[in-house]
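Quick notes on the structure that follows.
What you see below is based on every heavy atom in this structure, not just the backbone, and it leaves out hydrogens, waters and symmetry mates. In what follows, chains are A, B, ... by sequence order, proteins preceding strands, each numbered from 1. The structure displayed is predicted, hence computed values, not measured ones.
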Number of protein chains: 2
Amino acid sequence: MGAIPRRRLPVMADVAREAGVSHQTVSRVLNDHPNVRADTRARVEAAITRLGYRRNLTARALVTRRSRTLGVISFDTTLYGPASTIYGIEQAARTAGYFVSIVSLKSIDADSVRDAIAYLTDQGVDGIVVVAPQHSASQALESLPIGTPAVAVEATHRADIPVVRIDQAEGAGMATRHLLDLGHETVWHVSGPAGWLETEGRLRGWREALEEAGRPVPEPLTGDWSPRAGYEAGRRLAATAGVTAVFAANDQMALGVLRALSEEGVKVPGRISVVGFDDIPESAFFSPPLTTVRQDFDVVGRHCIEMLLRQLDAGPGPYERLVVPPGFVVRSSTAPPAAAAG
Amino acid sequence: MGAIPRRRLPVMADVAREAGVSHQTVSRVLNDHPNVRADTRARVEAAITRLGYRRNLTARALVTRRSRTLGVISFDTTLYGPASTIYGIEQAARTAGYFVSIVSLKSIDADSVRDAIAYLTDQGVDGIVVVAPQHSASQALESLPIGTPAVAVEATHRADIPVVRIDQAEGAGMATRHLLDLGHETVWHVSGPAGWLETEGRLRGWREALEEAGRPVPEPLTGDWSPRAGYEAGRRLAATAGVTAVFAANDQMALGVLRALSEEGVKVPGRISVVGFDDIPESAFFSPPLTTVRQDFDVVGRHCIEMLLRQLDAGPGPYERLVVPPGFVVRSSTAPPAAAAG
DNA sequence: CCGCAAGATGTGGTCGGTCATGTCTCAAGC
DNA sequence: GCTTGAGACATGACCGACCACATCTTGCGG
């Protein structure tokens with residue numbers, strides 16, 4: 001009643017009987033041990049296909065204490081960045097023969113991350129990738145039992161957990177310098193929300209680029225990554241005198257800025273130049289096509305798995321910190337400032 | 001050597017010893033069986049927290065033959081639609097106490113889907129959700145062992161697998177009728193790639209709406225969901241005489257169309273009205289903000305899990321086919337045709 | 001032709017839970 | 001007062017793999 005009626009699947013003992021050997025020999029064939037005679041191996045393999053046998057990974061996991069499953073913790077997987085990172089992680093993991101169990105967090109508090117970690121370790125994952133670039137998440141990594149193989153994307157307070165991150169400050173620097181090089185006096189910034197490491201990295205890169213060039217640093221406008229936030233920032237920028245260049249902390253907010261400027265009749269890049277961050281697939285088709293910083297999320301995902309697997313079969317290694325350089329894509333949303341600008 | 005050095009975690013026997021009871025009593029407390037005296041229960045619980053015991057889900061899965069893990073197969077999880085659906089699935093599953101193991105397919109062929117199914121069943125998932133709205137994927141479901149609890153998003157050829165889908169034809173009909181109601185003589189269509197069920201549903205809804213109104217049905221332009229494809233279609237539409245209304249099969253392609261029209265100096269919605277499909281977060285901030293069909297991916301995800309869990313604890317029920325109605329969002333990319341239009 | 005090592009295979013224990021069943025206690029029912 | 005039965009707990013088998021070790025073959029040198 002209620003149970004699934006599928007008849008019992010064949011187990012190793014069935015294969016052994018069918019092939020006229022012991023279950024141990026079947027196991028040896030499965031794990032291709034060298035010490036099995038060729039004809040015995042063939043007989044076992046024949047029995048396996050005849051019975052349609054598949055080994056029970058649960059039983060295997062119980063005794064080997066390896067589940068061949070990796071846990072991934074992420075925040076808002078509907079955003080392009082996290083989704084792409086996870087995609088990269090999943091592909092790399094599967095190629096390496098690992099399963100991926102994903103937890104998407106709704107809220108960013110440390111409790112949620114702690115719960116997610118507990119949830120995944122209960123399930124018996126061999127290692128964990130945490131993609132949650134907020135301070136709170138980074139702090140919550142403290143609760144990860146020492147010795148648990150893990151990799152963090154962006155950052156962590158833990159000295160024993162390797163990190164893969166994109167050089168946010170460098171990306172922001174590229175964006176800012178690009179605008180300064182075009183001749184703009186300074187660059188305004190629409191930042192991400194507080195508490196995000198990416199927000200801080202981009203703020204820092206932007207600020208330092210301005211300071212290095214000896215330019216005034218305007219008060220940044222704070223957004224929340226959404227196009228709406230960019231839109232509101234855009235309206236305020238349009239109403240602010242002297243603004244000729246804007247660096248938005250992501251492409252979605254840049255889109256909102258473009259929209260607001262367009263509504264206000266401000267020409268881009270004629271009167272104001274705009275740069276984004278992420279290079280989402282849409283940004284090449286914005287009006288105008290967006291100049292932006294490119295992040296290679298795929299590479300990040302692959303490196304995560306690589307570092308995690310290395311920990312798994314070599315034990316905890318030296319603390320690694322891999323920094324992936326960003327790229328820069330020049331399109332049509334940036335130009336020298338209009339000579340006649342007021 | 002190489003093994004993780006974390007010392008042995010406490011097991012049920014340890015708890016039993018600590019609490020002075022048998023392991024069976026510990027098990028009873030864990031599964032809150034009624035027949036345990038209150039003070040015994042308290043003693044066991046105290047021992048559990050004192051030792052920091054967590055039950056080993058692998059061992060549990062081995063004997064119960066339930067892993068409390070659901071498998072999800074999807075294609076291109078970096079797209080907004082699949083990503084959102086998976087997000088909904090993951091949330092609903094976790095709420096129900098299930099883990100989610102995800103496989104993102106690179107290519108859509110039947111072999112990949114077959115492999116993914118084998119991969120997941122090997123892992124011992126309790127059920128599978130297949131989000132792969134292509135004919136080939138739908139066909140590959142044939143290879144799913146009969147009796148395996150499963151749910152398909154969009155469609156399947158199998159009569160024993162329930163389906164959750166969004167009413168694509170209805171959405172396309174809404175878009176088309178909206179444009180006709182505004183006074184357009186007919187509506188052009190930029191479709192998705194061949195082989196996708198969504199492409200076909202949207203084509204059908206568009207065509208039927210036109211035929212019902214007795215309007216001419218122009219040759220549809222075929223895209224691949226990308227903004228670039230929309231852009232190319234947009235250029236051709238701009239060069240075609242008599243085009244006043246375009247229905248793009250998704251928002252990204254609509255963005256490309258808008259971009260192309262803008263480059264050609266064609267006013268939207270002044271000379272050509274444009275409607276999209278999906279309602280991605282960006283579309284409200286396109287230039288102009290896009291009128292589009294809204295899909296509630298969250299709802300789809302939740303229903304999937306609900307139906308899957310029902311199968312799990314009630315056995316295969318009657319074949320279900322849940323159709324989620326689309327919504328329609330009117331923004332600024334549509335207007336009546338210009339009276340003076342040639 | 002024997003001995004011995006390496007190769008091929010079998011036996012039983014183990015992982016950490018759950019399930020079926022057994023034993024014991026104690027109060028209700030006749 | 002003894003049966004009856006249910007509650008409270010313990011015991012041992014079992015899920016299906018892997019692992020250590022035992023045992024049986026085989027091949028080859030002496």
- 5′-ward residue of the pair A/R37/B/L62 relative to DNA chain C: A/R37
- Task: Mind checking salt bridge (charged side-chain N to carboxylate O under 4.0 Å, His left out) for B/D32 and listing every partner two or more places apart, or none if nothing turns up?
- Result: none
- Nearest-nucleotide check on DNA chain D, B/D39 vs A/M12; residue mapping nearer the 5' end is B/D39
- Contacts of type side-chain contact (heavy atoms from CB on, under 4.5 Å), residue A/A96, not counting sequence neighbours: A/Y98, A/L309
- Could you walk me through whether B/S101 and B/Q123 pass side-chain hydrogen bond (donor to acceptor under 3.5 Å, both in side chains), step by step? CA-CA 9 Å; B/S101 194; B/Q123 196 199 8; 3.2 Å; yes
- Query: With sugar-phosphate meaning primed atoms plus P, OP1 and OP2, does B/T40 contact a base, only sugar-phosphate, or nothing at under 4.0 Å between heavy atoms?
  - Reply: sugar-phosphate
- Listed by chain and number, what are the side-chain contact (heavy atoms from CB on, under 4.5 Å) partners of A/D115, not counting sequence neighbours? none
- Query: Are the side chain of A/T95 and the backbone of A/Q91 linked by a donor-acceptor contact shorter than 3.5 Å?
  - Reply: yes
- Item | Boundaries of the DNA chain D segment in contact with chain B, non-hydrogen, under 4.0 Å | D/dA8 to D/dG16
- Message: Quick one: does any side-chain atom of B/T69 pair with a main-chain N or O of B/S67 as donor and acceptor, under 3.5 Å?
- Response: yes
- Among all residues two or more places apart in sequence or in another chain, which pass the salt bridge (charged side-chain N to carboxylate O under 4.0 Å, His left out) test with A/R68? none
- Do any pairs count as a ring-ring contact (aromatic ring centres under 6.0 Å, His included) and have a residue in residues 25-58 of chain A, sequence neighbours left out, and if so which ones? none
- Using rotation axes that map the C1' atoms of four end pairs onto the next four (five pairs an end), what angle separates the end axes of the helix from C/dC1-D/dG30 to C/dC30-D/dG1, to 10°? 50°
Show the atom names and distances, to 0.1 Å, of all donor-acceptor pairs under 3.5 Å that link a side chain in residues 80-89 of chain B to residues at least two apart or in another chain.
residue	atom	partner	partner atom	Å
B/S84	OG	B/Y80	O	2.7
B/T85	OG1	B/G81	O	2.9

- Query: Out of curiosity, A/I161 CD1 to A/I128 CD1, how far, rounded to the nearest 0.5 Å?
  - Reply: 9.0 Å
- Query: What is the 5' to 3' range of DNA chain C, first to last nucleotide, that sits under 4.0 Å from any heavy atom of chain B?
  - Reply: C/dG16 to C/dA20
- Qualifying residues under side-chain contact (heavy atoms from CB on, under 4.5 Å), relative to B/P162, sequence neighbours excluded: B/V151, B/M307, B/Q311, B/E320
- Message: At a heavy-atom distance below 4.0 Å, what parts of residues 14-32 of chain A sit against DNA chain D?
- Response: A/H23, A/Q24, A/S27, A/N31
- Message: Taking side-chain contact (heavy atoms from CB on, under 4.5 Å) as the definition, give me every residue that meets it alongside A/A116, ordered by chain and number, with sequence neighbours left out.
- Response: A/I73, A/V103, A/L105
- With no hydrogens and no angle check, is any side-chain donor or acceptor of B/N31 less than 3.5 Å from a backbone partner on B/R28? no
